[in-house]
Amino acid sequence: MAEYSKDEIRRIENKWRTIWEDQQVYKVENTSSKPKYYVLDMFPYPSGAGLHVGHPLGYIASDIVARFKRLKGYNVLHPMGFDAFGLPAEQYALEHGIHPAKSTAGNIENFKRQLRNIGFCYDWSREVQTCDPKYYRWTQWIFLQIFDSWFNRSKGKAERIAELINIFESEGNKHHPIPNPKFRVQQFSSSDWRAFSEKEKQEVLMEYRLAYLAFTDVNWCEALGTVLANDEVINGVSYRGGFPVVKKQMRQWSLRITEYAERLLKGLDEIDFSDSMKEIQRNWIGKSVGCTLNFKLVSGQILTVFTTRPDTIFGVDFMVLAPEHDLVKEITTPAQRAEVENYLAYVAGRSEVDRMAEVKKITGAFTGAFAINPFNNREVPVWISEYVLVGYGTGAIMGVPCGDERDHKFAKHFSIPITNIIGSYYTGNEANPTFDAVLENSEFLNGKVMREAIDVVIKKADELGVGKRQVNYKMRDAGWSRQRYWGEPFPVVFKNDIPYPMEEKDLPLELPDTSDFKPSGSGEGPLANLKDWINVEPGQKRDSNTMPTHAGAAWYFLRFMDPHNHKAFADRNALDYWNQVDVYIGGSEHAVAHLLYSRLWVKILHDLGYLNFDEPFKKLINQGKITGDSRFVYRIRGTSKFVSAGLKDQYETDPLRVDVNIVNGLELDTEAFRKWKPDFAEAEFILEDGKYICGSAIEKMSKSYFNVVNPDQIINDYGADTLRMYEMFLGPLEASKPWSTQGIDGVYKFLRRFWNLFHNQTGSFRVSDTEPTREELKVLHKTLKKVEHDMDTFSFNTSVSEFMICANELTALKCNTRKVLEPLVIALSPFAPHITEELWSLLGHKGSIVSASYPQYDDQYLVESAHNYPISINGKVRAQMQFALDMPKEDIEKMVMASEIVQKWTEGKPPKKVIVVPGKIVNVVT
RNA sequence: GCCCGGGUGGUGGAAUUGGUAGACACGCAGGACUUAAAAUCCUGUGGCCAGUAAUGGCUGUGCGGGUUCAACUCCCGCCCCGGGUACCA
């Protein structure tokens with residue numbers, strides 16, 4: 001009947017895609033007697049460029065897991081949606097005048113078409129789009145819940161603002177100090193609280209809210225007209241477009257993620273993320289344990305520093321304040337005023353980029369003030385320098401040049417004398433941050449090892465009342481306002497400059513339709529241009545900003561559980577049933593932002609009682625990037641002659657990227673090249689060995705590098721099953737690798753060979769009902785065991801190899817018995833769903849293979865026949881030696897040797913079994 | 001600089017986590033089929049040496065040491081590549 005040809009593949013794949021859709025084969029219910037399993041992909045941002053072969057890598061892996069788990073009897077949630085708000089659509093609108101809603105919808109359609117072609121088992125009835133008002137109604141609702149909560153430090157969890165108000169009314173804030181030490185009110189009693197005006201009360205509450213409005217230093221990007229999050233700024237420029245970014249004070253929404261720093265850190269121990277991912281998050285949170293120390297200044301003020309190394313207290317030779325530190329103006333002596341002001345002017349004139357570029361540059365100014373070391377009353381000079389940051393710790397440090405590299409350079413540069421407290425550990429040339437030195441010149445610490453002295457000093461400081469234990473975090477609160485149009489509006493109304501939450505019944509606050517997306521420029525968002533919308537009624541205004549894309553993405557995995565609910569973000573039963581995402585697959589580029597915000601939102605929702613879990617993702621897999629493999633041609637300067645790569649050094653050439661699709665390996669299709677662009681129609685070539693050889697480079701896959709390979713093309717040439725298996729075959733899921741079609745034929749040949757097992761030479765379907773031989777069963781069970789094992793470790797590349805071996809062996813055995821082939825069809829179906837559906841129906845089954853159950857392997861077929869020999873130790877049979885049947889006789893001596901060795905090392909612990917192959921002990925089971 | 005990964009044939013990559021390194025696939029070479037080519041199938045394929053041959057020997061997992069009966073795997077030192085981070089006290 002049919003050969004596994006291009007036409008047949010197309011017929012089979014189209015047929016099954018249609019059946020899957022028409023019969024809603026992948027629809028999943030929220031109620032089931034089966035155990036649940038939740039497999040999730042990081043939903044894509046639907047860019048205009050469409051999918052390239054790099055995108056589906058993770059989707060294919062998760063699809064395999066989802067199909068496998070389904071066959072294993074789980075009720076599997078495997079949804080897909082779109083992270084559809086975002087900057088690129090808005091930039092596109094500014095440049096082309098096409099409304100983001102329109103371009104986004106078009107892009108989503110294209111993505112869905114491409115995804116459909118790969119044969120994923122998504123339950124599309126659960127699709128969500130973050131820009132859909134029915135969706136972002138709940139993004140806004142959750143935001144309001146966060147707005148309506150505060151972090152109770154004594155309980156370590158979020159609570160409702162109403163509870164905080166109760167506390168204030170009964171006891172003021174003595175047990176719950178204001179998180180911000182600079183707020184104008186710090187302590188208030190219950191009667192103070194009652195005496196506050198409404199505005200004052202709201203201002204105080206704002207200092208506690210987990211979503212709050214405050215003047216903060218933000219990353220302002222003039223070119224984009226918006227504020228960027230820290231993770232959207234790379235090396236001082238915007239991650240999109242590479243525009244300069246400056247610090248600016250603006251009234252912004254922020255999420256008080258810092259309150260959750262400790263729980264976010266602790267939670268990492270309970271979830272299965274890769275070491276590198278956990279490490280990135282830990283670094284981002286940046287916990288450091290140390291203490292504060294108070295230095296009295298000669299002029300009377302108290303200067304508090306934070307240090308992780310109180311053990312070096314006797315090595316303090318100077319103090320440094322951040323230039324922006326509050327004390328600077330106050331303590332500067334008249335003699336130093338000019339120098340300090342000069343320096344402040346210099347610092348103010350430096351942009352983020354300058355500072356980034358010149359991190360190593362040493363600058364500073366002496367204030368003229370002196371601080372008194374509380375432990376030995378030594379007076380040390382107080383300096384200011386930009387290497388001390390206002391935002392971290394107390395904005396001031398104690399300088400210990402012998403132990404800290406930056407302090408050392410600073411001391412050398414300004415000729416400050418250096419005290420050595422670590423003896424020979426300090427050479428005089430560079431600082432040594434060791435913990436192991438025995439302290440010298442350190443009075444009561446002399447003779448102590450540094451790491452042990454830390455606690456001694458903290459205790460002593462506490463006794464003397466000059467310091468206390470302190471934990472600091474690098475992480476900042478998350479800026480949550482964007483001066484953009486294409487995002488979720490904030491569901492609040494300002495009255496008297498105080499934001500009040502909108503009522504739930506009035507949600508969603510829909511994004512107004514407009515064609516004016518231009519930022520207002522002043523720092524207000526484009527929504528400020530829409531006066532009717534902004535001004536609700538006299539004295540009542542809306543927020544002109546919108547939320548960042550992270551908002552919609554911070555909880556979408558919850559919405560998938562119950563996507564059409566009008567009454568809640570998801571029904572409680574559905575949330576309890578689906579619970580955590582069992583496996584989350586996506587790129588490591590979301591290591592900090594998305595994954596931290598998702599974890600934060602889930603923790604808050606958990607604290608407020610909406611969820612019974614407080615980590616969203618049980619296991620995270622980071623699929624590697626598939627990089628592009630670019631090709632270059634070399635044009636001789638000023639001509640239209642192109643020289644082959646091996647000869648290019650003989651000429652003066654310019655490299656040009658050429659479309660990878662007209663290069664075969666490294667050999668350029670010169671005809672196709674002439675047709676590629678009109679400029680090259682007249683191209684001439686200098687060949688080597690009759691071929692034009694291109695240069696190559698591995699770089700990211702990008703349209704502008706002409707190295708994009710579109711999956712549609714591969715599917716057209718080989719079919720989706722080949723694409724799926726080939727992407728898995730390419731290498732370990734988590735490894736990055738360049739895309740290359742070298743080898744795709746091997747996968748294609750495997751599928752054809754597999755197909756041919758079921759067909760005779762003329763292409764007719766022919767499967768026998770004869771009993772399988774032991775050898776055939778061995779091949780079957782070996783494959784089933786290997787593949788099932790690989791599922792646990794996500795080693796799909798070796799599974800594909802195993803299937804290839806299996807097909808080769810069964811072909812050699814001329815196996816065509818149903819009892820072997822049918823289980824294999826099921827086992828292969830997660831990898832190659834189309835071909836297996838077709839074979840499944842040819843085998844006479846009605847309905848989709850998804851309702852089949854996964855075959856269990858049986859170890860009895862895998863046991864090797866072997867000779868068992870007893871080993872006597874001290875006259876008693878203590879162990880069995882197992883030998884392969886075909887072991888030659890001359891290896892007997894080696895056996896004896898081996899058993900002697902065994903006796904030698906198992907004193908008292910005789911092994912149960914020793915497995916030997918010629919000349920070697922393979923395994924000793926004790 | 002610091003913190004994570006990683007380095008295995010011509011290529012992508014296997015190796016049950018300390019047990020016959022190089023599975024599987026690509027590529028290449030040879031053969032079969034064909035008038036020919038493509039496709040397909042079969043055989044060989046880390047390197048060096050010996051042998052007509054079957055085969056045998058040596059060597060071999062970035063470099064240098066070490067532990068072990070046994071090391072790609074563990075330990076110490078170094079080199080290189082990829083990712084994260086960047087004055088965080």
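Order of the sequence lines sets the chain letters (A, B, ...), proteins ahead of strands, with each chain counted from 1.
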Chemist: Salt bridge check, A/Glu430 against A/Lys409: does any charged N sit closer than 4.0 Å to a carboxylate O?
Modeler: no

Chemist: Go nucleotide by nucleotide along RNA chain B from the 5' end; which of A/Glu279 and A/Pro738 gets its closest nucleotide reached first?
Modeler: A/Glu279

Chemist: When you measure from the side chain of A/Glu386, which nucleotide among B/G5, B/C87, B/C24 comes out closest?
Modeler: B/C87

Chemist: Work out how far the P atom of B/G22 is from that of B/G77, and round it to whole angstrom.
Modeler: 32 Å

Chemist: Which of the following nucleotides, B/G5, B/A89, B/C87, is nearest to the side chain of A/Phe306?
Modeler: B/A89

Chemist: Considering all heavy atoms of both residues, which atom of A/Leu57 and which atom of A/Gly624 are nearest to each other, and what is their separation?
Modeler: CD2-O, 3.3 Å

Chemist: Tell me whether A/Arg752 is salt-bridged to A/Asp721, with the criterion being a basic N under 4.0 Å from an acidic carboxylate O.
Modeler: no

Chemist: Would you indicate which nucleotide in B/C87, B/U40, B/G84 comes nearest to any side-chain atom of A/Arg752?
Modeler: B/U40

Chemist: Taking B/C33 as the reference, what is the distance to B/G13 when you measure between their P atoms (whole Å, please)?
Modeler: 39 Å

Chemist: For A/Lys749 and B/C26, is the shortest distance between a side-chain N/O and OP1 or OP2 below 4.0 Å?
Modeler: yes

Chemist: Using the P atom on both, measure B/G51 against B/A36 and round to a whole Å.
Modeler: 38 Å

Chemist: Closer than 4.0 Å, any side-chain N/O of A/Arg753 to the OP1 or OP2 of B/C41?
Modeler: yes

Chemist: Give me the distance, rounded to whole Å, that separates B/A71 from B/G60 when you measure between the C1' atoms they each carry.
Modeler: 14 Å

Chemist: Expressed in whole Å, how much space separates the P atoms belonging to B/A89 and B/C2?
Modeler: 15 Å

Chemist: Looking at A/Thr722 and A/Val747, would you say the former's side chain and the latter's main chain have a donor-acceptor pair under 3.5 Å?
Modeler: no

Chemist: Could you give the CH2-to-C1' distance, from A/Trp284 to B/C3, as a whole number of Å?
Modeler: 15 Å

Chemist: If you look at every strand shown and take non-hydrogen atoms under 4.0 Å, does A/Lys786 touch a base, only sugar-phosphate, or nothing?
Modeler: nothing

Chemist: Once you round it to whole Å, what is the distance between P of B/G12 and CD1 of A/Ile744?
Modeler: 17 Å

Chemist: Kindly state whether the ring of A/His789 and the ring of A/Tyr857 have centres lying under 6.0 angstrom apart.
Modeler: no

Chemist: Taking atom P in both B/G64 and B/G9, compute the distance separating them and give it to the nearest angstrom.
Modeler: 15 Å

Chemist: Which way is the base of B/G9 turned, syn or anti, if we draw the line at 90° from 0?
Modeler: syn

Chemist: Say you pick atom C1' in B/A39 and the same atom in B/A53; how far apart are they, in whole Å?
Modeler: 35 Å

Chemist: Does either side chain, that of A/Tyr726 or that of A/Asp745, offer a donor lying less than 3.5 Å from an acceptor on the other one?
Modeler: no

Chemist: Rounded to whole angstroms, how far apart are CG on A/Leu57 and P on B/G12?
Modeler: 17 Å

Chemist: Rounded off to whole Å, could you give me the CG-to-P distance for the A/Asn432 and B/G1 pair?
Modeler: 17 Å

Chemist: Does B/U40 fall in syn (glycosidic angle within 90° of 0) or anti?
Modeler: anti

Chemist: Can you tell me the distance, in whole Å, between the CG atom of A/Asp745 and the P atom of B/C28?
Modeler: 11 Å

Chemist: Where the side chain of A/Leu389 is defined as all heavy atoms beyond and including C-beta, which of B/A89, B/G13, B/C26 is the nearest nucleotide?
Modeler: B/A89

Chemist: Could you check whether A/Asn797 gets within reach of a base, just the sugar-phosphate, or nothing at all, counting any heavy atom under 4.0 Å?
Modeler: sugar-phosphate

Chemist: Just to be sure I understand: a Watson-Crick pair is purine N1 to pyrimidine N3 plus N6-O4 or O6-N4, both under 3.5 Å. Using that and G-U wobbles, which stems of three or more pairs involve RNA chain B?
Modeler: B:1-7 with B:79-85, B:10-12 with B:24-26, B:27-32 with B:40-45, B:46-50 with B:55-59, B:62-66 with B:74-78

Chemist: Kindly say if A/Ser288 contacts the phosphate of B/A89, meaning a side-chain N or O under 4.0 Å from OP1 or OP2.
Modeler: yes

Chemist: Does the Lys NZ or Arg CZ of A/Arg753 fall within the cation-pi geometry relative to A/Tyr748 - under 6.0 Å from the ring centre and within 45° of the axis?
Modeler: no

Chemist: Using 4.0 Å as the upper bound for N to carboxylate O, is an ion pair formed by A/Lys785 and A/Asp790?
Modeler: no

Chemist: Between B/C24, B/G84, B/A89, which nucleotide gets closest to the side-chain atoms of A/Met804?
Modeler: B/C24

Chemist: Report the residue (A/Ser276 or A/Gly393) whose heavy-atom-nearest nucleotide on RNA chain B is the more 5′ of the two.
Modeler: A/Ser276

Chemist: I'd like to check A/Thr307 versus A/Leu293 (side-chain heavy atoms, cut-off strictly below 4.5 Å). Are they in contact?
Modeler: yes

Chemist: Can you tell which of B/A89, B/C42, B/C24 lies closest to the side chain of A/Phe729?
Modeler: B/C24

Chemist: Looking at B/A25, I'd like to know if its phosphate oxygens (OP1 or OP2) sit under 4.0 Å from a side-chain N or O belonging to A/Asn808.
Modeler: yes

Chemist: Need one value for A/Pro732: base, sugar-phosphate or nothing, where a base atom within 4.0 Å counts as base even if backbone is also close, heavy atoms only.
Modeler: sugar-phosphate

Chemist: Please tell me if the side chains of A/Ile626 and A/Leu730 come closer than 4.5 Å, counting only heavy atoms from C-beta onward.
Modeler: yes

Chemist: Rounded off to whole Å, could you give me the CD1-to-P distance for the A/Ile805 and B/A15 pair?
Modeler: 11 Å

Chemist: Rounding to an integer number of angstrom, what distance separates B/A32 and B/C81 when you compare their C1' atoms?
Modeler: 45 Å

Chemist: In whole angstrom, what separates A/Lys814's NZ from B/C42's C1'?
Modeler: 12 Å

Chemist: Find the distance A/Glu802:CD to B/A15:P and express it as a whole number of Å.
Modeler: 11 Å

